[in-house]
Amino acid sequence: MTDLLRARDLTARFDTEDGRVHAVESVSFTVEAGESFGLVGESGSGKSATALSIAGLLPAAGTITGGSLWFRTPELAATPGEHDVDGEFVDLTTLPANARRSLRGTEIAMVFQDPMSSFDPSATVGSQIAKAVEVQQRASARPRSTRSKTETYGLGSLIRDSLLPTRSFVSESSRERAIELLERVGIPDPARRAEQHPTEFSGGMLQRAMIAQAIAGKPRLLLADEPTTALDVTIQAQILSLLNEIQDDTGLSVVLITHDLGVVAHHSDRVGVMYAGELVERAPIDRLFDAPVHPYTQGLLSAVPDLDTTATPSPSLSGRMTGLHAHELPEGCYFADRCPQAMTDCRAHPEERPVAETDRHSARCVLTDRAFDPDRALEPGAAHEMERDHQ
Amino acid sequence: MMFTPRTRRALRRTLRRQLLPKLGVVLFGLLVVGALCAPLLAPHDPTTQQLDEKLRPPIGFSGQTEQTSSQLVDGEVKTVTETTTISATWTHPLGTDALGRDMLSRVLYGARTSLLVGLLGTTVAAIIGVPTGLIAGYYGGRIDDALMRSGDVMLAFPSLVLAVALVGLFGTATVRIPDPWVVLGITPAMPAHVVLPGTVVLVVGLVNWVWLARIARGEAMGLANAPYVLAARSVGASDRFILRRHVLPNALTPILVLATIQVATIILLESALAFLGFTGTTLSWGFDVSQGRDLLSTAWWVTTIPGFAIVFAVFAVNLIGDWFRDALDPGIDADGGGGP
């Protein structure tokens, strides 16, 4: 299979009043065309920041400070410009802002966690999807600009548009396309639904509508940031099978971000596990569940309640994730102070290494090439003290 | 649309349940009808001087004028003061001013100036202030600082001084709009034009845009982080598009409430400028107030009647503004009762 996206040592920082936050730390992974890549981790582990970095939507305080995001787009790679090109791949981090914007919706789209607040309450759902259709049409008509001649954004239009009915914004054809899209994502009576406001939709229906909006521009990469977290369980399953279905139809690649291992188990081909901004392990889905290497992955898996046994979930993941401010991060392995298998080797920050004989499975842990040695073990929670002694 | 269906429902509900919004609609309606139909309603030409009819009091009052004349009595010049009583007539229901112009007609025509300046001045303020505030709030950072500090500089100018300076620079820049009633031949050419004081409209806009910009900025700051703005960006929407389609419509309600109340402020400011003689038209309540101030002891109505008109207009507009605020502000109980 061909690769669609190659993230190499992606590093993103947030500047806050309390200092720099290391939100994404040297993350590398590959998304192949048509596959579903799962990104799991607890809250604040950098999953969303990774997705926002790929989409170019980091908030003002956030910047990509290192690494590269190679995205396969032959057309753009052939266009001369300042950006870095490698064969058919273009480094997204080197693209100017307007070129990144022209990729959004048409190449890379995103689905967000909370469908209820991801639609503008003041406009109809149909008009918002139709607008996404028009963005795509403009982009394909004039490749590197999404601005058409007929549409001006002057002061006059700002005033005029606020006084005219919303409907006049979108052409008849894109409105019809919006209704088709709503039908495609399984919304009954789409023509009537398109004329309704978001408040008249249920959460599950809105999430379907958001998927319709995301696929309006026929993107090749869909970043789904916890698309089911805000929904109840039966709706979650429906949304996931809808995503699967669309993926089968269109050959779309999906990066599925979730904290729910059950979701990735059913949906993803390969999985990356994030902890404290780092990708600590990535593997094909079967290998991750059968032979996890990183103790954090093991802990996550054992924390999933198992209906077949009466055993209570293992308490192996005690403690909290380290803070991500520069001064809070330990010198050694970020997970060491919670790790049941921490050794003196964990004093040094581990590199990401392939797990024996396969390059599809790698982990950022000393256990990739050696077994846990109880003689060199650290007491859980002693890592920080160790580090202080070390200093 | 300007209002969402929910907003329209809230406006209707408040109007139905509360007394003051009804009163506001009635009073403001009277004001608008009076201004629009002034040539039909006015009994006289408001600019015609009838010196033999001067200083007639309103119906129900009587007025006195002192006439001082010099007479030669026994070879000496003597000053004789004669006091004559002038009674009210139905020809001039609200009396006449010192030059015998009909007060009722002047009040009706003055409403045109006040409303026109109030509405256009607010429009000018909104055209400057709303985009400025939205851009400042949406982008934040240095753009925000630059735009809002320039607004603070504007506020530092006393509005009257600014008006004097601009009238000095540009003159009154009056625009004469032909009166449609006269053009269509329905009414005789009383004053054939509605005179719009251009500089005054500009001044009241320049003085008031900052308030609208501040409200717009605050709204835009919150909306810039709304999930639906992020979602719009994720499908490739531009900043301009987001500002226009997502930020502006959702920021509109508080802007509208403030703009309505600003119409009243601007009517007052127009009266003050007219009082000082900056408007370039004599058909203005403020101007009439200034004309009557020397006659306060003898002919109070020349000052008081246009003064009442100003109060009436400001009161009506404020009632409308309160209605919008009550209906649209989620923090205020739309039923008029106290919150829980």
Side-chain angles (χ1 to χ4, degrees), chain A residues 52 55-57 59-60 98 100-123 127-129 131-133 135-136 138-139 146-147 151-159 161-167 169 197-199 210 213-214 216-217 219 223, chain B residues 1-9 123-135 137-144 216 219 221-253 255-256 259 328 330:
Chain A
L52 292 172
L57 291 174
N98 58 348
R100 293 216 73 179
R101 173 159 70 77
S102 69
L103 289 179
R104 285 199 288 271
T106 59
E107 297 279 4
I108 301 172
M110 212 165 161
V111 171
F112 296 91
Q113 177 173 346
D114 185 1
M116 299 303 243
S117 54
S118 294
F119 277 96
D120 185 339
S122 69
S127 73
Q128 294 184 58
I129 295 170
K131 202 60 223 181
V133 172
V135 166
Q136 185 258 333
R138 277 208 300 280
T146 61
R147 212 165 145 184
E151 189 160 8
T152 52
Y153 292 102
L155 202 62
S157 69
L158 188 79
I159 298 151
D161 294 346
S162 63
L163 301 173
L164 293 175
T166 315
R167 216 172 291 167
F169 281 103
H197 285 81
T199 46
M210 182 142 57
Q213 190 182 44
L223 305 165
Chain B
M1 196 54 201
M2 197 156 157
F3 294 122
T4 61
R6 186 200 266 172
T7 309
R8 266 180 297 221
R9 275 198 301 277
T123 309
V124 170
I127 286 173
I128 305 171
V130 173
T132 307
L134 291 181
I135 287 166
Y138 182 77
Y139 287 103
R142 283 184 192 163
I143 296 175
D144 184 17
E219 292 295 310
M221 280 174 86
L223 293 169
N225 296 317
Y228 53 80
V229 167
L230 187 64
R233 292 175 65 202
S234 79
V235 292
S238 64
D239 285 342
R240 285 195 191 98
F241 174 78
I242 290 170
L243 273 170
R244 199 180 61 163
R245 275 293 301 280
H246 294 302
V247 177
L248 176 66
N250 287 291
L252 208 56
T253 299
I255 292 172
L256 194 73
L328 306 180

(message) Within the 4.5 Å heavy-atom criterion, are A/D120 and B/R245 side-chain neighbours or not?
(response) no
(request) Considering non-hydrogen atoms only, spot the tightest contact between A/A214 and B/V235 and give its length. (result) CA-CG1, 4.4 Å
(request) Answer with side chain, backbone, both or neither: which region of A/F119 has an atom nearer than 4.5 Å to a non-hydrogen atom of chain B? (result) backbone
(request) Using a 4.5 Å cut-off on heavy atoms from C-beta on, say whether the side chain of A/P198 contacts that of B/Y228. (result) no
(message) Can you tell me which portion of A/I108 sits under 4.5 Å from chain B's heavy atoms? Options are side chain, backbone, both or neither.
(response) backbone
(request) Kindly give the heavy-atom pair with the smallest separation between B/A231 and A/S118, and that separation in Å. (result) CB-O, 3.5 Å
